[in-house]
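By convention in this document, chain letters (A, B, ...) are assigned in the order of the sequence lines, proteins followed by strands, and residues within each chain are numbered from 1.
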Amino acid sequence: MDVERNLMKIAADLLAHYDVHARRLPWRAPPGVNAADPYRVWLSEVMLQQTTVAAVGPYFAKFTERWPTVEALAAAEDADVMAAWAGLGYYARARNLLACARAVANDHGGVFPDTEGGLRSLPGVGAYTAAAVAAIAFGRRAVVVDANVERVVARLFAIDTPLPAARPAIRVAANGITPDARAGDFAQAMMDLGATICTPRNPACGICPLRSDCAALLTADPAAFPVKAAKKAKPHRLGHSWWIERPDGRVWLVRRPAKGLLGGMRALPSSDWSAAPDATPPLAADWTSLAEPVAHVFTHFSLALTVHVAHVAEDSMPPEEGEWWPLAQIGEAGLPTLFRRAADAAMKERDVHVH
DNA sequence: TAACCGTGGAT
DNA sequence: TATCCAAGGTT
């Protein structure tokens with residue numbers, strides 16, 4: 001069979017399947033509506049970077065209700081956006097989200113660029129997101145390659161070069177099956193397929209709309225694609241955080257530096273995180289340490305965080321910059337998950353002593 | 001280029 | 001319990 005014709009068949013088969021089985025997602029235009037809102041497409045794509053659909057759902061609802069347009073988001077306070085993002089992870093995304101919204105509002109008249117190149121120049125918009133927004137929101141033909149597409153394409157063509165070295169070949173193959181029309185639907189169909197059928201483990205090849213086109217299905221183990229390089233072991237690190245509570249029911253919170261881990265987020269005052277962290281408290285007080293450290297796993301290391309608790313006088317003021325945050329509103333402080341769990345542990349320990 | 005950057009669910 | 005993994009971008 002003619003090779004080009006066979007490649008066209010892949011897109012046709014996939015789009016026919018998508019027309020029946022597309023997932024209904026809040027950021028997708030309803031069936032029959034062609035134009036998705038670029039703001040919502042962009043917002044969803046940024047939230048979905050390395051993040052599951054299930055995790056994004058409530059955050060997308062919260063953001064679009066509070067900031068319905070890019071102009072509204074551009075006018076938001078930094079602290080409000082960072083707090084609203086708390087718990088979703090990869091906080092550089094939130095910082096870039098605001099920078100991008102302000103760039104669109106201030107430099108582009110509140111209208112998103114409608115080309116891949118224009119989108120690519122925005123903060124936090126890389127090759128994938130630019131292609132996805134251009135295709136989904138603006139109907140451009142763009143080659144959209146995320147981890148789902150990498151997996152589906154590696155299997156379709158049985159590409160056995162290990163990632164990341166296989167990326168150029170995967171991109172070429174993805175370009176070869178991307179249709180001129182409905183490139184946005186095609187991209188979303190590929191991602192739906194990767195998320196629901198062509199899954200990393202135990203793919204449902206028996207119900208796959210592309211099973212007649214798949215080279216990996218002819219091998220002993222289709223799930224072996226894509227081949228990946230071995231991962232490095234995560235080092236274990238230690239750390240200390242200090243819970244400083246006043247008799248009026250407030251706790252001392254600081255803000256972490258703008259860049260780096262948990263950058264720009266509210267936090268408990270903390271040591272460095274290393275093999276031998278500096279355990280010197282930020283102020284002299286009668287400290288008690290929680291027996292059980294908070295265990296937390298980051299992308300490239302795991303952490304055992306010892307939480308120290310002190311009750312200090314009303315006029316006490318720690319040396320570094322920060323704010324006395326009311327305990328009754330601790331949920332609105334926007335603490336990232338590590339510190340939310342440390343706060344939970346400290347408050348639970350306090351309740352044990354009170355009762 | 002490869003390291004850095006979160007979190008939670010699935011297995 | 002340990003490991004893998006997710007609609008990646010930045011430096």
*asked:* Could you report the tightest heavy-atom contact between Ile177(A) and Leu156(A), atom names first, then the distance?
replied: CD1-CD1, 4.1 Å
*Which whole number of Å gives the distance between the C1' atom of dT1(C) and that of dG8(B)?*
16 Å
*Mind checking the P distance from dA7(C) to dC5(B)? Whole angstroms is fine.*
23 Å
Phosphate-side-chain proximity, [X] and [N], N/O vs OP1/OP2 below 4.0 Å:
X: His296(A); N: dT7(B); answer: yes
X: Thr299(A); N: dG6(B); answer: no
X: Lys259(A); N: dT10(C); answer: no
X: Arg340(A); N: dG8(B); answer: yes

*Counting only distance, no hydrogens or angles, is the base of dG8(C) paired donor-acceptor with the side chain of Thr129(A) under 3.5 Å?*
no
*Is the shortest distance from a Lys or Arg side-chain nitrogen in Arg255(A) or Asp78(A) to a carboxylate oxygen in the other one below 4.0 Å?*
no
*asked:* Which label fits Tyr39(A) and Phe112(A): parallel for a plane angle under 30°, tilted from 30 to 60°, or perpendicular past 60°?
replied: tilted
*Whether Trp273(A) and Phe339(A) hold their rings parallel, tilted or perpendicular, with breakpoints at 30° and 60°*: tilted
*Could you check Lys232(A) against Gly89(A) and say which one's nearest nucleotide on DNA chain B is further toward the 5' end?*
Lys232(A)
Nucleotide [N], atom [atom2] - distance to [atom1] of [X] in whole Å:
X: Arg93(A); N: dT11(C); atom1: CZ; atom2: P; answer: 16 Å
X: Arg171(A); N: dG8(C); atom1: CZ; atom2: C1'; answer: 13 Å
X: Phe298(A); N: dG8(B); atom1: CZ; atom2: C1'; answer: 14 Å
X: Tyr91(A); N: dG8(C); atom1: OH; atom2: C1'; answer: 17 Å
X: Asn96(A); N: dC5(B); atom1: CG; atom2: P; answer: 15 Å
X: Glu116(A); N: dG9(C); atom1: CD; atom2: C1'; answer: 15 Å
X: Leu122(A); N: dG8(C); atom1: CG; atom2: P; answer: 19 Å
X: His300(A); N: dT10(C); atom1: NE2; atom2: P; answer: 18 Å

*Which nucleotide in dT7(B), dT10(C), dG8(C) has an atom nearest any side-chain atom of Arg120(A)*: dT10(C)
*Indicate whether any N or O donor in one side chain lies under 3.5 Å from an N or O acceptor in the other, for Arg93(A) and Gln49(A).*
no
Base, sugar-phosphate alone, or nothing: which one does [X] contact when heavy atoms must sit under 4.0 Å apart?
X: Gly263(A); result: nothing
X: Val46(A); result: nothing
X: Pro164(A); result: nothing
X: Ala127(A); result: sugar-phosphate
X: Leu88(A); result: base

_As an exercise, state the distance from CE of Met47(A) to OH of Tyr59(A), rounded to the nearest 0.5 Å._
9.0 Å
*Between CH2 of Trp287(A) and CD1 of Ile244(A), what distance do you get to the nearest 0.5 Å?*
4.5 Å
Could you write out each protein N or O paired with an N or O of nucleotides 5-7 of chain C at a distance under 3.5 Å?
residue: dA6(C); atom: OP1; partner: Arg151(A); partner atom: NH1; Å: 2.8
residue: dA6(C); atom: N3; partner: Gln50(A); partner atom: O; Å: 3.4
residue: dA7(C); atom: OP1; partner: Asn148(A); partner atom: OD1; Å: 3.2
residue: dA7(C); atom: OP1; partner: Asn148(A); partner atom: ND2; Å: 2.6
residue: dA7(C); atom: OP2; partner: Asn148(A); partner atom: OD1; Å: 2.6
residue: dA7(C); atom: OP2; partner: Asn148(A); partner atom: ND2; Å: 2.9
residue: dA7(C); atom: O5'; partner: Asp146(A); partner atom: OD2; Å: 3.2
residue: dA7(C); atom: O5'; partner: Asn148(A); partner atom: ND2; Å: 2.4
residue: dA7(C); atom: O4'; partner: Asp146(A); partner atom: OD2; Å: 2.8
residue: dA7(C); atom: N9; partner: Tyr128(A); partner atom: OH; Å: 3.4
residue: dA7(C); atom: N7; partner: Glu45(A); partner atom: OE1; Å: 3.4
residue: dA7(C); atom: N7; partner: Glu45(A); partner atom: OE2; Å: 3.1
residue: dA7(C); atom: N6; partner: Trp27(A); partner atom: NE1; Å: 3.0
residue: dA7(C); atom: N1; partner: Arg23(A); partner atom: NH2; Å: 3.2

*asked:* For a 4.5 angstrom cut-off between non-hydrogen side-chain atoms, does Leu305(A) reach His296(A)?
replied: no
